[in-house]
Structure formats: structure tokens, C-alpha cells
2 protein chains.
Amino acid sequence: MTRHAGGLSIGQVAEKTGLSVHALRFFEREGLFLRPIRRSAGGQRVYDPADVSWLLLCNRFRESGMPIATMKRFAELVRAGSGNEPERLALLEEHERTVQAKIADLTASLAIIHDKVMTYRRHVEEGTAAGVWSPKPGPGRRSA
Amino acid sequence: MTRHAGGLSIGQVAEKTGLSVHALRFFEREGLFLRPIRRSAGGQRVYDPADVSWLLLCNRFRESGMPIATMKRFAELVRAGSGNEPERLALLEEHERTVQAKIADLTASLAIIHDKVMTYRRHVEEGTAAGVWSPKPGPGRRSA
DNA sequence: GCTTGACCTAGAGAGAACTCTAGGTTTTAG
DNA sequence: CTAAAACCTAGAGTTCTCTCTAGGTCAAGC
């Protein structure tokens, strides 16, 4: 695809964003873009750098577990133009809380997992087996 | 179900673990338990307290994003009895790293999301709109 | 001008982890 | 004893997020 005023092909955008071309088309069908993607004379997609920035933000949302439906909602608000900033803010704040909660949960789980790791390390080093799970909870307790 | 020597019904286990009875049967089919679940004379499942402890650990694994296939692998190692502790340790260590990475990613995303939240807060308070996404990147830059 | 690689659409398929259904049996409470 | 609640199996269905296929079209290099 010849340069369309700084335009990028779907393949180039895929490379820059780490998303597959399939995923980019999928996102478009889902209405995640801020505006219609331009097309070349031959019908191929032409992306602007702004689309790439937006996709990078979307990627952050995705990586932090935001469902596509929510990204879509956010995109709709942005597309609707100014006036709904409080709604956008509310959406972002809620997602922020969600992410904070997720981090807290993971951190709690991590502590427990780390505990098991330490327990197993001791056992492996010392060649003992006490305190780890066994099929029939043999002589002692079962806990690691 | 009459008490089978401290045994618990599937419903009781569901309540204690927060898993649905469907999920418990599913886990069993998937081979996530450390040993076959006993059955009452009438064919109903009878769980031991040890099964509940194991499920609670499994829940931690699940909540921290461990795939069922990996939990199954861990269960298999435990079922196989002692001797494979180094393998169990390796599995746990890898999961620990995965969780750490996940927390790091989320933390990075959170920083960016928090940034956007702060930006929007300012805009909403001041009634301005500069610096936030708009459909046609109007007068200024587009970044928030 | 032709081959090769990138791109197009519409829609099917995948897989992860459940969840639910249908049709029937067992337990428990009154 | 009986009715309701809980349980059983096997297997189909759901949700989410892509991913892949089939059957072409478009673009770029030699």
C-alpha cells in the first residue's frame, strides 16, 4: 500500500501494537475505534498514527482485564464528543478500582504461593517430606 | 446425607469453598482431586475435610490465574507420592514468577490508568477539554 | 506482466472454564 | 409416608476473545 499521507497498513499497525491483523479487524467490527478507518482506493485499511496511540491505550485496558464491552463503551463516549467527561471519568475510576482489587488479590495469593515454594524448597534441600500434601495424609498434617 | 465419619456433602463443600456444585463435579472429572472422592451407599459424593483444604489451595491457584491443566499436573505429582518434590517445586516457582509478572504488568497499567483518571478529574473540575481524546483531534494534541 | 505477499469479507472454529439441562435417584424433614 | 430438597450422570450450551478458513482482490518487485 502506497503511503496515504502518513497512513499505515493493517500489517504495520499490527507490528506496532502487537495485535494480530485478525484482532485489528475484530476490534473494528466491535466498534472499538474512535472513528471509521479510512480505506485505500482498493479497499484496504489505512490507519493514522492517532489510531495507533488509541490502540496502545486499548492494549493497556485489555492487559489490565477490561472487557471489550467496556472498551467499546469508552470509545462510544469519546466518539460522542465533549460533554460526557464525567461519565468517562466514572468508567476509568471504576476500572482503576477493579485493577487495584485485582492486584490486591494477586498479592494475597502470591504470599501463599511463596509460602508453599519456601516449604518445598526446605523439603527438597533437606530430603524430608513432612508438611507437604500426600495422597493419604500419612503420619502428620497435610498443609503444603 | 447422614454423616459419613466427618464427611461432607457436595453442597456443604460448595458452600465452604465458594465453588458451585457444578464446578466441583467438573473439577473431579478434570482430575483435580488428590484421590477418588468417596461415595455414600446411594452414590452421593462424600468429601473429607482434607479435600476442602485442597480445594481452598486450588482456589488460590485459580484466582492467581493458574490454568486447570497446570493444577491437574500438580495434583498428579502429589498423587504420585513423594519423590517428585523437585518437580512440584519447579511448578510452584514458575507459577510464582507468573504471578509476579502479572502483578508487575497490572501495576504498570494501573499507573497509566491513574494518570488518565487524574487528567479527566482536572478536566471535569475545570470544565476544560484539552488533552483528552476527541473524535477529530481538534486544536491540540490527543493524549488522555 | 506476472508472481508473491499482503489484504479483503463473512463466517466458522477454538479453547478455557464453567454452567445448565434433562431425566432420574436419594435424603431429609415433617 | 410423602413431598421437597439435594444429589446423580452425560452431555449440550454459554461467554469471551480472539483465530482461522475459504475464496477471492490488491500491490510491489523483478
Side-chain angles (χ1 to χ4, degrees), chain A residues 1-5 7-33 36-47 51 55 58-75 95 98 102 105 109, chain B residues 1-33 36-47 51 55 57-75 95 98 102 105 109:
Chain A
M1 156 174 316
T2 348
R3 291 289 158 284
H4 278 257
L8 300 159
S9 72
I10 195 171
Q12 291 171 317
V13 172
E15 200 177 346
K16 277 182 195 275
T17 60
L19 295 159
S20 72
V21 297
H22 294 299
L24 288 172
R25 289 192 278 246
F26 169 71
F27 278 23
E28 189 174 335
R29 276 204 294 282
E30 293 296 309
L32 296 190
F33 282 96
I37 301 301
R38 275 187 294 147
R39 296 302 181 109
S40 72
Q44 305 200 350
R45 290 171 178 81
V46 180
Y47 295 85
D51 297 318
L55 282 170
C58 283
N59 246 346
R60 280 304 181 176
F61 286 158
R62 259 173 20 98
E63 282 164 13
S64 53
M66 183 186 283
I68 285 195
T70 306
M71 297 200 299
K72 179 174 179 174
R73 174 100 189 98
F74 190 64
H95 184 56
T98 303
K102 208 170 290 197
D105 281 2
S109 293
Chain B
M1 152 175 316
T2 348
R3 290 288 159 282
H4 279 257
L8 299 159
S9 73
I10 197 171
Q12 292 172 316
V13 173
E15 200 176 347
K16 277 183 196 275
T17 60
L19 294 159
S20 72
V21 297
H22 293 300
L24 287 171
R25 289 193 279 243
F26 170 70
F27 278 22
E28 189 174 335
R29 277 204 295 281
E30 292 296 309
L32 295 190
F33 283 95
I37 300 303
R38 274 187 294 148
R39 295 303 181 111
S40 72
Q44 305 200 350
R45 290 171 178 81
V46 179
Y47 295 86
D51 297 319
L55 283 170
L57 175 60
C58 283
N59 247 345
R60 279 305 181 175
F61 286 157
R62 261 172 19 97
E63 282 164 13
S64 54
M66 183 185 283
I68 284 193
T70 306
M71 298 199 300
K72 179 176 181 175
R73 173 98 190 99
F74 190 64
H95 185 56
T98 302
K102 209 170 289 198
D105 281 4
S109 293

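All chains are named by letter (A, B, ...) in the order of the sequence lines, taking the proteins before the strands, and each is independently numbered beginning at 1. Any value given below was found using the heavy atoms of this structure, including those in side chains, with hydrogens, waters and symmetry copies removed. Keep in mind that what you see is a predicted model, and the values were worked out from it rather than measured.
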ask   = Rounded to whole angstrom units, what separation is found between the NZ atom of K72(A) and the P atom of dT17(D)?
value = 12 Å
query = Can you tell me how far P of dC7(D) sits from CD of E15(B), to the nearest Å?
reply = 10 Å
task = Let me know, please, whether G43(A) or L19(B) comes out on the 5' side of the other along DNA chain C by nearest nucleotide.
result = G43(A)
message = Under the criterion side-chain contact (heavy atoms from CB on, under 4.5 Å), I'd like the reasoning laid out for L55(B) against L24(B): C-alpha separation, chi angles, the key distance, then a yes or no.
response = CA-CA 9 Å; L55(B) 283 170; L24(B) 287 171; 3.5 Å; yes
inquiry  = Could you tell me how far apart F26(B) (CZ) and dA10(D) (C1') are, to the nearest whole angstrom?
reply    = 15 Å
key: Separation of atom CD1 in I68(B) from atom P in dA16(C), rounded to whole Å   = 9 Å
task = Determine the interplanar angle of the F74(B) and F61(B) rings, folded into 0 to 90°, and report it as parallel if under 30°, tilted if 30 to 60°, perpendicular if over 60°.
result = perpendicular
inquiry  = Below the 4.0 Å mark, does dC8(C) have OP1 or OP2 next to a side-chain nitrogen or oxygen of R25(A)?
reply    = yes
request  = Determine: side-chain N/O of R45(B) to OP1/OP2 of dT9(D), distance under 4.0 Å, yes or no.
outcome  = yes
query = So, is R62(B) close to the dC18(C) phosphate, meaning a side-chain N or O under 4.0 Å from OP1 or OP2?
reply = yes
request  = Side chain of R39(B) only, please: which of dC8(C), dT19(C), dC8(D) is the nearest?
outcome  = dC8(D)
request  = Show your working on salt bridge (Lys or Arg N to Asp or Glu O under 4.0 Å) between R39(A) and E28(A) and close with a plain yes or no.
outcome  = CA-CA 13 Å; R39(A) 296 302 181 109; E28(A) 189 174 335; 3.6 Å; yes
Heavy-atom neighbours of E15(A) CD exceed 12 at 6.0 Å = no
inquiry  = Side chain of V21(B) only, heavy atoms from C-beta on: which candidate in dC7(D), dA17(C), dT17(D) is closest?
reply    = dC7(D)
request  = Grab the CD-P distance between E30(A) and dT19(D) for me, whole Å please.
outcome  = 13 Å
remark   = Quick note, H22(B) side chain, CB onward, closest among dT21(C), dC8(D), dA17(C) is dT21(C)
request  = For the side chain of S20(B), starting at C-beta, report the closest nucleotide among dT19(C), dC7(C), dC18(D).
outcome  = dT19(C)
task = Counting heavy atoms from C-beta on, name the nucleotide in dA6(D), dC18(C), dT19(C) closest to the side chain of Q44(B).
result = dA6(D)
Distance, rounded to the nearest Å, where L8(B) contributes CG and dC7(D) contributes P = 11 Å
message = Output the rounded distance in Å from CE (M66(B)) to P (dA17(C)).
response = 11 Å
inquiry  = I need the M66(A) CE to R73(A) CZ distance, nearest 0.5 Å.
reply    = 12.0 Å
query = Please give, in whole Å, the distance from dC18(D) P to M71(A) CE?
reply = 7 Å
request  = Please check the phosphate of dT26(C) (OP1 and OP2 only) for any side-chain N or O of S40(B) closer than 4.0 Å.
outcome  = no
note = Regarding the side chain of R29(B), the nearest nucleotide among dC7(D), dT9(C), dT19(C) is dT19(C)
